[in-house]
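Written below as structure tokens is the structure these notes are about.
Given the structure is predicted, the values throughout are model-derived calculations rather than measurements. Quick note: numbers below take in every heavy atom, side chains included, and nothing from hydrogens, waters or symmetry partners.
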Amino acid sequence: MASYLELFYGVALLLTAFYYYRVYKFRFWRKRGVVGPKPHPIFGNLFDLTLARVTTADVVEDIRKKYKHEPVVGVFEGLSPILVLHDPDIITNVLIKDFTSFEERSHAVHERTEPMSLNLFQLDATRWRQLRPKISPVFTSGKLRDMFGLAVECSKNLEANLNKLVATGEPIEVKQMFSRFTMDVIGSCAFGIDMSGEGEKESEFRRMGNRIFDSSIETTLRLKTRLFWPELYDLLGYVVPEKTLVTFFTKTVMDMIKYRKEHSIYRPDFLNALIEFRNHPEWFKGIELTDTLLTAQAFVFFAAGSDTSSTAMSWALCELAQNHDVQDKLHEEMKAYHAKYGDTFTVESLKELKYLDKVFKETLRKFPAGALLQRRTTSEYTFDTLKFTIPKLINIWIPVFAIHRDPEIYPDPEKFDPERFNKEEVRTRHPMHYIPFGDGPRNCVGSRFAELQVKLGLVKVLRNHKVDVCKQTPIPYEYDASAFTLQSKNPIYLKITKI
């Protein structure tokens, strides 16, 4: 009997100690005078997000509504504290003024489990500092003109595919249509692959591209484990490392590099930049330019450039289908453009489509690809205006979606209104109240390319067609809680007809 009592008291003591340990850890924000929702004793504040019951957009919008006038809010991911920023001046400090204290992203590199995580987006600050200045020149105006020429060639396939789909008279699943286009563009600009054919290589490339963003159980589990249990995700590398994508893309990139070197081929694309990296190892101090590291840079260009752009075009068409006044105005602008330039598209001429630019910006205002920006402290940091200090390795959230949907910044935020981006209105807003591509030194390096790609795709569809909703159009929208970016839970079908 005594032994059972001892066991009972021992377990009770352990549970009590465990409880108070967690309670102590949850005092982190309270000790600093930071308000926030009360965390669950075991799961913190983000358990529903971990289980994909809600989206990141839901979480950050809910926090902003409940703590509207708080400059910062403290939450917990398990036991780990996260600071959510609302004040635009504090966001400026984190992204720009005090950037060196926040150089790291919260997304860790998992070299063994997921070798393609060695990309510019996820890389640690040490390697990022060396790679970013070498990759940025790929997106200068001159290089963009060259790559845009490749994109224009790919857009001919989009037109041909659209005409076939329209001829059937059936509603069109626009994300799938645009994904084909963006994979063509990025396949051409990042990997040097002509995707106009339907050979075995092109089909395999599309299949692997679709695999990156599928909503399979394995993909969702990997995503959630990587985000919420990074230490466990590292251990998975010893058991179930990701092999299919890394093997395919590494072989593709290395074979193309070898072929170009052997045949002295130059092409104005991202792959050429990787060849230059390989030819000039002296550019990089203390970094081994492995095949995987080089491939990871092309991989993230492909992954981010194809998915986020096709999603943005899908959202834009869906809004235009519901707002015919906006669509009619866009048609008039495109008609004037066609009268002046015909079928010629250049980086410079596309800039003349001023209303299209507003439509593009309003689309990313309402549907930013990333619901939040994430940073991590690289050293102890004191918020001067708030009078408290946080230690190294604390995660920071900047809730882009919630900021873009704040009615005090954007009245009637659910309304799709491109006029919000008239110069006069833009001047009234803080620069940190519109950040779909981030800001500061670690902003999206390919944002200008993405903008050109989206605008080109929209012009190719809309200049000879009108877009309407149909019975299968998913209105009201529901977002996919299992997706990494802001995606529609259901396929977006629209009725597209020839003008």
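The nearest pair of heavy atoms linking S306 to I186 is N-CG1, 3.9 Å. Taking all atoms of both residues into account, the shortest heavy-atom contact from D87 to I90 is OD1-N, 3.0 Å. Considering all non-hydrogen atoms of both residues, A296 and P115 come closest at CB-O, 4.3 Å. Of all the heavy atoms in G457 and F181, the pair that sits closest is CA-CE2, 3.8 Å. In this structure, L289 and L294 approach most closely via the heavy-atom pair O-CD1, 4.3 Å. Considering all non-hydrogen atoms of both residues, V73 and Y67 come closest at CG2-CB, 3.6 Å.
Residues that satisfy the salt bridge (Lys or Arg N to Asp or Glu O under 4.0 Å) test with D89, not counting sequence neighbours, are absent from this structure. For the side-chain hydrogen bond (donor to acceptor under 3.5 Å, both in side chains) test, residues two or more places apart in sequence or in another chain that qualify with T346 are S349. Residues meeting the side-chain hydrogen bond (donor to acceptor under 3.5 Å, both in side chains) test with N119, sequence neighbours left out: Q122. Taking the side-chain hydrogen bond (donor to acceptor under 3.5 Å, both in side chains) definition, one finds that R64 meets it with D406, sequence neighbours left out. Contacts of R427 classified as salt bridge (Lys or Arg N to Asp or Glu O under 4.0 Å), with partners at least two apart in sequence or in another chain: none. Partners of E425 by salt bridge (Lys or Arg N to Asp or Glu O under 4.0 Å), not counting sequence neighbours, listed by chain and number: R429. Partners of T382 by side-chain hydrogen bond (donor to acceptor under 3.5 Å, both in side chains), not counting sequence neighbours, listed by chain and number: T389.
In this structure, Q176 CD and S314 OG are separated by 10.5 Å, a value rounded to the nearest 0.5 Å. Interatomic distance, I257 CD1 to I265 CD1, rounded to the nearest 0.5 Å: 13.0 Å. A distance of 10.0 Å separates CD1 in I275 from OH in Y266, rounded to the nearest 0.5 Å. The structure places CE of M254 at 3.5 Å from OG1 of T295, a figure rounded to the nearest 0.5 Å. Rounded to the nearest 0.5 angstrom, R105 CZ and L120 CG are separated by 8.0 Å. How far CG of N395 is from CD of E77: 7.0 Å, rounded to the nearest 0.5 Å.
For the salt bridge (Lys or Arg N to Asp or Glu O under 4.0 Å) condition, the pairs that include at least one residue of residues 282-292, sequence neighbours left out, are R278-D291. Residue pairs meeting the salt bridge (Lys or Arg N to Asp or Glu O under 4.0 Å) criterion with at least one partner in residues 362-386, sequence neighbours excluded, are E319-K366, E362-R365, E362-R420. Residue pairs that meet the salt bridge (Lys or Arg N to Asp or Glu O under 4.0 Å) test with at least one member in residues 140-150, sequence neighbours left out, are R145-E348. Here salt bridge (Lys or Arg N to Asp or Glu O under 4.0 Å) pairs that include residues 442-451, with residues two or more places apart or in two chains, are E451-K455.
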One pair to check against ring pair (Phe, Tyr, Trp, His ring centres under 6.0 Å): Y434 and H404. What are the steps and the verdict? CA-CA 7 Å; Y434 182 73; H404 287 191; 5.3 Å; yes

Apply ring pair (Phe, Tyr, Trp, His ring centres under 6.0 Å) to F270 and F302, showing your working. CA-CA 10 Å; F270 194 84; F302 173 77; over 10 Å; no

Going through the checks in order, is the side chain to side chain contact (heavy atoms under 4.5 Å, CB included) test met by L274 and Q297? CA-CA 8 Å; L274 301 185; Q297 311 319 312; 4.2 Å; yes

Derivation of the side chain to side chain contact (heavy atoms under 4.5 Å, CB included) call for I396 and I390: CA-CA 11 Å; I396 306 295; I390 54 175; 4.1 Å; yes

For ring pair (Phe, Tyr, Trp, His ring centres under 6.0 Å), just list the numbers for F139 and F301, CA-CA rounded to whole Å, side-chain angles, deciding distance to a tenth of an Å, and then say yes or no. CA-CA 12 Å; F139 298 100; F301 183 26; 5.5 Å; yes

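Two residues are said to be in side-chain contact when any heavy atoms from C-beta on lie closer than 4.5 Å; T92 and P431 fail this criterion. Side-chain contact between F416 and T363 is present, with heavy atoms from C-beta onward closer than 4.5 Å. Looking only at side-chain heavy atoms (C-beta outward), L83 and F383 come within less than 4.5 Å of each other. I82 places a side-chain heavy atom less than 4.5 Å from the side chain of V75. By the 4.5 Å heavy-atom criterion applied to side chains, L486 and Y477 are not counted as neighbours. Side-chain atoms of W283 and E276, non-hydrogen and from C-beta on, do get closer than 4.5 Å to each other. In this structure, the side chains of F76 and W29 come closer than 4.5 Å at one or more pairs of heavy atoms. I63 is listed as a side-chain neighbour of H86, based on a closest heavy-atom distance under 4.5 Å.
Ion pairing of K361 with D357 is present here, as a side-chain N (NZ or NE/NH1/NH2) and a carboxylate O approach within less than 4.0 Å. A salt bridge does not link D480 to K489: none of the charged nitrogens lies less than 4.0 Å from a carboxylate oxygen. The residues R405 and E414 are annotated as salt-bridged, a charged nitrogen and a carboxylate oxygen being separated by less than 4.0 angstrom.
Under the 3.5 Å distance criterion, with hydrogens and angles disregarded, a donor-acceptor pair is assigned to the side chains of S188 and R267. Under the 3.5 Å distance criterion, with hydrogens and angles disregarded, no donor-acceptor pair is assigned to the side chains of T182 and Q453. A side-chain donor from one of N422 and K358 sits under 3.5 Å from a side-chain acceptor of the other. Side-chain contact, T378 with E104: no donor N or O sits under 3.5 Å from an acceptor N or O.
Shown here is E70, whose CD atom has more than 12 heavy atoms of other residues, nucleotides or ligands within 6.0 Å.
Side chain of D62 to main chain of K65: no donor-acceptor pair is present (N/O by atom type, distance under 3.5 Å, no hydrogens or angles). Side-chain atoms of S155 come within 3.5 Å of backbone N or O of V152 as a donor-acceptor pair. Remark: the backbone N or O of P133 is not paired with any side-chain donor or acceptor of S136 at under 3.5 angstrom. A donor-acceptor distance shorter than 3.5 angstrom exists from the side chain of T377 to the backbone of L393, with no hydrogens or angles considered. A side-chain donor-acceptor contact under 3.5 Å links D58 to the backbone of T55. In this structure, the side chain of W397 does not engage the main chain of L85 through any donor-acceptor pair within 3.5 Å.
For F401 and F367, the distance between ring centers is not under 6.0 angstrom. Here F345 and F148 keep their ring centres 6.0 angstrom or further from each other. Two rings, from F277 and F284, have their centers less than 6.0 Å apart.
Stacking of R30 on the aromatic ring of F26 is not recorded, the 6.0 Å distance cut-off and the 45° axial limit not both being met.
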Identify each donor-acceptor pair in which a side-chain atom of residues 94-102 lies under 3.5 Å from a protein atom, sequence neighbours left out, and give them as a table.
from	atom 1	to	atom 2	distance (Å)
D98	OD2	Y381	OH	2.5

